[in-house]
Amino acid sequence: KTLEDVLKEKGVITEEDYKEVTRSKALNYKPGKGFTLTSADEKFQLSLGGRLQTRYTFTDADDNGTSRDSNKFEVKRMKFWLNGYAYTKDLTYLLQVDFVQGGSSKLLDHAYLNYRFVDEAQVLAGQTKVPFGRQWLNSSGSQQFVDRSTASDMFRPGYEAGVKVHGAVAGGIATYELGYYGGAGQSTFRTSNDNAYAARITANPFGKMAYAEGDLDQSEKPLLSVGANYYRNTLQKSTATAFETNNVTLAGSTGWLGKGIGTFANGEKIDINGYGVDAAFKWLGASTQAEYLLGQADGHTSDKTLRAHGFYAQAGYCIIPRKLELAFRYSFVDPNRDKANDQQVDTQGAISYYFNKHNLKLQGDVTNSHDQSKGRTDDMIYRLQAQVIF
Amino acid sequence: KTLEDVLKEKGVITEEDYKEVTRSKALNYKPGKGFTLTSADEKFQLSLGGRLQTRYTFTDADDNGTSRDSNKFEVKRMKFWLNGYAYTKDLTYLLQVDFVQGGSSKLLDHAYLNYRFVDEAQVLAGQTKVPFGRQWLNSSGSQQFVDRSTASDMFRPGYEAGVKVHGAVAGGIATYELGYYGGAGQSTFRTSNDNAYAARITANPFGKMAYAEGDLDQSEKPLLSVGANYYRNTLQKSTATAFETNNVTLAGSTGWLGKGIGTFANGEKIDINGYGVDAAFKWLGASTQAEYLLGQADGHTSDKTLRAHGFYAQAGYCIIPRKLELAFRYSFVDPNRDKANDQQVDTQGAISYYFNKHNLKLQGDVTNSHDQSKGRTDDMIYRLQAQVIF
Amino acid sequence: KTLEDVLKEKGVITEEDYKEVTRSKALNYKPGKGFTLTSADEKFQLSLGGRLQTRYTFTDADDNGTSRDSNKFEVKRMKFWLNGYAYTKDLTYLLQVDFVQGGSSKLLDHAYLNYRFVDEAQVLAGQTKVPFGRQWLNSSGSQQFVDRSTASDMFRPGYEAGVKVHGAVAGGIATYELGYYGGAGQSTFRTSNDNAYAARITANPFGKMAYAEGDLDQSEKPLLSVGANYYRNTLQKSTATAFETNNVTLAGSTGWLGKGIGTFANGEKIDINGYGVDAAFKWLGASTQAEYLLGQADGHTSDKTLRAHGFYAQAGYCIIPRKLELAFRYSFVDPNRDKANDQQVDTQGAISYYFNKHNLKLQGDVTNSHDQSKGRTDDMIYRLQAQVIF
């Protein structure tokens with residue numbers, strides 16, 4: 001019992017007084033958000049919290065391949081954030097770091113302020129996720145599997161500093177995002193006459209639908225979201241194996257462009273275009289989501305073109321509502337459509353126990369990873385992960 | 001209304017009770033400082049907050065030069081701090097990091113504890129700014145322009161670990177600082193028989209004057225501060241292009257010593273002396289500030305000497321008191337006085353809108369940067385920056 | 001006086017009400033722990049704080065050696081932590097970073113969650129200290145000297161990600177820890193078919209004894225703890241001077257294995273075994289502690305063996321109870337028992353003033369460091385350190 005409870009019971013304060021004095025608590029906790037501090041005038045609010053993912057991976061390598069079985073322990077993510085509003089509820093901010101990335105420019109994820117003129121018109125300045133790809137925009141903390149699909153990972157631009165105009169129309173029936181960026185990737189700031197652009201729209205005919213996989217709310221009414229996005233950038237190839245920056249994910253070693261860097265001439269600039277369409281649906285504990293992604297890169301002087309595409313489709317169902325979910329996913333990527341035997345197909349099954357939705361969960365998944373580039377090997381990958389948001 | 005308000009209104013607690021119980025709030029917010037937690041015994045206090053600067057720069061390169069027009073988006077600074085006192089109000093501490101510096105030893109700015117015997121005699125141990133240069137000591141968060149002047153940047157030593165004896169006399173009419181440092185720069189700890197020293201004094205005849213540019217308090221009485229400082233260090237030149245450390249700002253690529261490294265022989269030790277005088281004045285929304293800085297470096301074995309100097313002068317006026325300010329600055333540097341055609345002159349104008357002083361502001365400035373070393377080119381640099389302290 | 005105090009005095013609330021409403025405070029401070037936030041339902045708690053060590057070292061080098069006298073200023077440690085429990089008091093977590101390690105993968109110390117089934121059976125997942133070595137497991141913040149002994153430093157594995165099963169039996173009369181790790185060291189996650197293991201047991205016949213040096217509680221009853229531990233790992237030697245990872249402390253440049261890397265052939269895998277026994281005792285302000293450590297490494301293909309051992313013994317006494325302590329330590333290491341003239345012997349004396357136990361203290365120590373490998377030189381090392389936990 002709090003002091004307010006006692007005073008109300010004794011009749012020292014009235015029911016109305018009680019409501020007023022407890023309306024805004026200076027200190028509050030909400031799962032998934034962390035502890036929240038609010039100033040007395042309610043003009044300032046700060047939440048701080050963290051998210052830990054700790055993972056074990058066992059890889060049963062194909063006997064026909066050259067790899068041996070292996071295993072890995074890792075703290076996959078250790079996020080720490082401060083967010084809230086300042087001076088007015090319309091001016092929000094987010095600072096988020098990932099302490100696993102010590103010693104790397106990838107320490108800083110988000111660092112932005114956002115001003116809401118109205119819901120329909122908002123402007124964000126600073127670093128955040130480039131709005132390209134449903135699964136990429138979906139926090140790594142609210143996935144249905146242990147991590148995102150290979151298709152999503154290979155086509156995502158990553159984090160970037162820039163400005164974004166965005167909004168939600170008619171209570172979230174539709175949303176739009178238009179971003180203008182430096183183009184050099186996470187916490188990497190180039191001085192250049194090139195830039196990156198991204199645009200994304202979604203339609204959510206049955207009402208607002210947050211980016212979080214699995215129907216952990218056991219939605220009584222169906223929820224649907226469809227989206228489309230476009231990304232453009234220009235990067236220079238500086239050496240035989242690297243672009244001017246490797247911090248744009250799709251241009252790094254695990255991205256479609258990074259894998260196909262050999263296509264281009266040293267020193268030339270390359271125009272990059274990315275396209276994607278996606279959809280997600282949830283109802284009564286069932287959820288499904290799919291995304292098709294396409295990339296094309298054109299060398300300015302070599303006149304060479306690299307074309308990549310990929311997709312994933314996944315579905316899950318809570319066999320114990322809100323608690324135990326089974327999910328299945330198929331992911332396909334062809335990082336170079338003009339090259340044979342480089343496709344990768346992942347077939348995955350997952351089982352998740354949600355103690356408190358995505359805030360506290362234990363997830364296991366198993367993947368058959370068929371990689372043509374490694375001699376058509378079929379590796380089996382077993383992963384177990386615990387996540388806590390505190 | 002708070003519970004205390006209600007109880008006072010109802011006469012449950014007296015006016016005196018009210019004052020006493022609300023005197024120290026366990027949780028409080030103050031703009032520019034962040035949320036503050038205070039222990040019940042008032043022996044411990046911790047404030048935590050952050051400062052975000054997000055910036056866009058467009059450079060209109062001189063057509064006669066070799067550079068092309070370019071632009072840059074960046075999160076310039078993302079500071080996070082914890083400060084307060086512990087065990088007694090006389091023992092204060094500050095921890096501040098800049099998360100933009102992930103992957104760099106420059107992640108940690110301040111990490112010190114300070115003990116106040118009396119205002120006039122205090123000792124600080126740990127890492128903080130080396131006390132050399134008015135504008136350098138002025139937080140990057142309370143500048144009249146988007147950032148510091150080139151003159152200030154080129155002569156500043158940066159952050160260092162060491163000890164500092166300091167104090168304020170007669171309520172701030174005069175201040176002094178005497179520091180003794182490792183000499184290797186920010187978060188860089190050398191084992192050496194060399195050290196760095198710095199000393200700074202200020203006189204503030206009309207009373208204490210904080211380091212913050214612009215007269216945002218619309219001071220009714222004039223405020224004046226004059227200062228002088230000295231810095232000494234010894235660094236070894238280890239390779240053709242680097243000293244034993246590049247983390248002393250003036251010895252790095254943008255400092256006067258770093259630019260003139262070619263003067264010295266490989267392997268020799270170099271004695272560095274820096275001198276500076278400065279003044280600042282504020283009254284009725286007007287403010288002006290100027291600083292003259294001088295550096296000399298002497299090689300032990302080559303007997304070569306490098307001499308540099310520079311200055312800036314700036315003035316601002318709030319055309320809407322406390323809100324809208326215009327400012328003008330002239331900055332001159334000659335990084336090597338014995339070399340022709342290496343001077344840099346920046347002529348700058350700024351406009352700043354202060355929503356809440358330096359805590360929430362939008363600033364734009366334009367610079368004509370005349371650089372003799374680049375063939376007497378005149379680049380025009382346009383910068384726009386939003387800053388929020390939360 | 002708090003509002004609760006006033007209301008109790010006035011008889012508005014009863015003694016029982018008072019106890020109930022003040023039982024759990026939303027905001028609390030405890031020295032050594034920092035500020036603690038607790039949710040109203042008491043299911044969530046978060047403490048945040050920091051620990052600063054700032055140090056000055058003067059080395060009076062042996063005149064017969066090649067080194068010259070030198071000195072060093074450093075912020076040795078700047079820890080920041082978030083810890084507490086979430087969803088239930090049995091699920092605890094700890095996030096701790098050391099901001100001095102900016103630019104290094106050693107930024108992240110701890111990142112784990114721990115579930116307590118019962119005191120006797122707990123499981124921890126994530127990154128924390130590998131349980132090998134009493135002094136290593138003793139926080140650098142609660143040492144009797146300025147820092148750990150050379151013997152402890154040379155044999156410790158460091159931090160690692162993995163899983164640990166552990167517990168305390170009969171209220172702490174005995175404890176056990178069994179850990180399974182990746183084996184690549186702090187924040188370093190290898191995919192490999194090798195792993196590391198560690199096991200540790202302690203017996204504490206007179207009751208639970210925390211890892212903290214010095215008898216600062218002036219224990220009225222004697223306290224004794226004896227321990228034994230084992231560590232196993234397999235590392236590949238990748239180049240002439242480096243293993244596949246240098247982030248396992250004992251395999252780094254200051255570890256026994258790192259120093260003896262020349263024993264092995266390039267490319268071969270090496271089995272590493274570590275053994276240790278230790279004891280600590282405290283009574284009436286007196287404390288003593290000793291540890292013997294042994295390491296053996298066997299090359300798979302070269303069939304070469306490297307054998308190392310070392311120990312330290314230290315004792316301290318509070319000449320002013322709880323405040324002023326004198327301590328003495330002897331540390332011996334032989335990093336390669338099959339090689340002559342490589343032993344290091346440190347003889348150390350320390351004086352510590354504890355303003356508030358280990359939470360606020362000033363420590364000085366002097367070391368005679370006799371190093372056979374540097375030509376049997378006797379360097380004298382003087383260190384002064386201030387520590388504050390806020």
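Convention: sequence-line order gives letters A, B, ...; per-chain numbering from 1. Quick note: numbers below take in every heavy atom, side chains included, and nothing from hydrogens, waters or symmetry partners.
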With a 4.5 angstrom heavy-atom cut-off, could you sort out which part of B:Asn28 is near chain A: side chain, backbone, both or neither? neither

Carefully, step by step, assess A:Asp17 and B:Glu9 under the rule side chain to side chain contact (heavy atoms under 4.5 Å, CB included). CA-CA 11 Å; A:Asp17 293 333; B:Glu9 279 173 24; over 6 Å; no

CZ (A:Phe189) and CZ (B:Arg55) are apart, to the nearest 0.5 Å, by 11.0 Å

Using side-chain heavy atoms (C-beta onward) and a distance below 4.5 Å, is A:Val12 in contact with B:Val6? no

Please find out if less than 6.0 Å separates the ring center of A:Phe80 from that of B:Phe80. yes

Please find the pair of heavy atoms, one from A:Arg190 and one from B:Lys72, that lie closest to each other, and give the distance. O-CG, 3.3 Å

So do the side chains of A:Leu91 and B:Phe355 get within less than 4.5 Å of each other, counting heavy atoms only? no

Heavy-atom pairs under 4.5 Å with chain B are the metric here; pick the option from A:Ser104, A:Ser192, A:Gly162, A:Gly103 that has the most. A:Ser192

Whatever's closer than 4.5 Å to a heavy atom in chain A on B:Ser70 counts as both

Rounded to the nearest 0.5 Å, what separates atom NZ in B:Lys30 from atom CZ in A:Phe44? 12.0 Å

OH-CG distance between A:Tyr87 and B:Leu360, expressed to the nearest 0.5 angstrom: 6.0 Å

Just verifying a value: how many Å separate A:Leu37 CG and B:Thr36 OG1, rounded to the nearest 0.5 Å? 10.0 Å

Derivation and outcome, side chain to side chain contact (heavy atoms under 4.5 Å, CB included), residues A:Leu95 and B:Leu52: CA-CA 9 Å; A:Leu95 157 61; B:Leu52 170 67; over 6 Å; no

Per-residue contact mode, A:Tyr112 against chain B (heavy atom under 4.5 angstrom): backbone

Nearest heavy atoms of A:Leu48 and B:Leu48, plus distance in Å: CD1-CD1, 3.9 Å

Interatomic spacing from OG1 in A:Thr188 to CD in B:Glu74 - rounded to 0.5 Å: 11.5 Å

Do B:Phe35 and A:Ser39 come close enough that some side-chain heavy atom pair is under 4.5 Å? yes

Side chain, backbone, both or neither: which part of A:Gln45 has a heavy atom under 4.5 Å from chain B? backbone

For A:Ala40 and B:Lys25, the nearest pair of non-hydrogen atoms, with its separation, is CB-NZ, 4.1 Å

Check: A:Tyr85 ring centroid to B:Phe390 ring centroid under 6.0 Å: no

If you count heavy-atom pairs under 4.5 Å with chain B, which of A:Gly182, A:Ala111, A:Ser187 comes out on top? A:Ala111

Rounded to the nearest 0.5 Å, the CG atom of B:Asn71 sits from the OG1 atom of A:Thr191 at a distance of 8.5 Å

One pair to check against side chain to side chain contact (heavy atoms under 4.5 Å, CB included): A:Asn195 and B:Phe73. What are the steps and the verdict? CA-CA 9 Å; A:Asn195 284 95; B:Phe73 280 103; 3.8 Å; yes

Among A:Gly126, A:Ala86, A:Gly102, which has the most heavy-atom pairs under 4.5 Å with chain B? A:Gly126

With a 4.5 Å heavy-atom cut-off, do A:Leu107 and B:Val100 have their side chains touching? no

Under 4.5 Å from any heavy atom of chain A, what part of B:Val75 do you find: side chain, backbone, both or neither? both

Looking at A:Gly84, A:Ala184, A:Gly183, A:Ala161, which makes the most heavy-atom pairs under 4.5 Å with chain B? A:Ala161

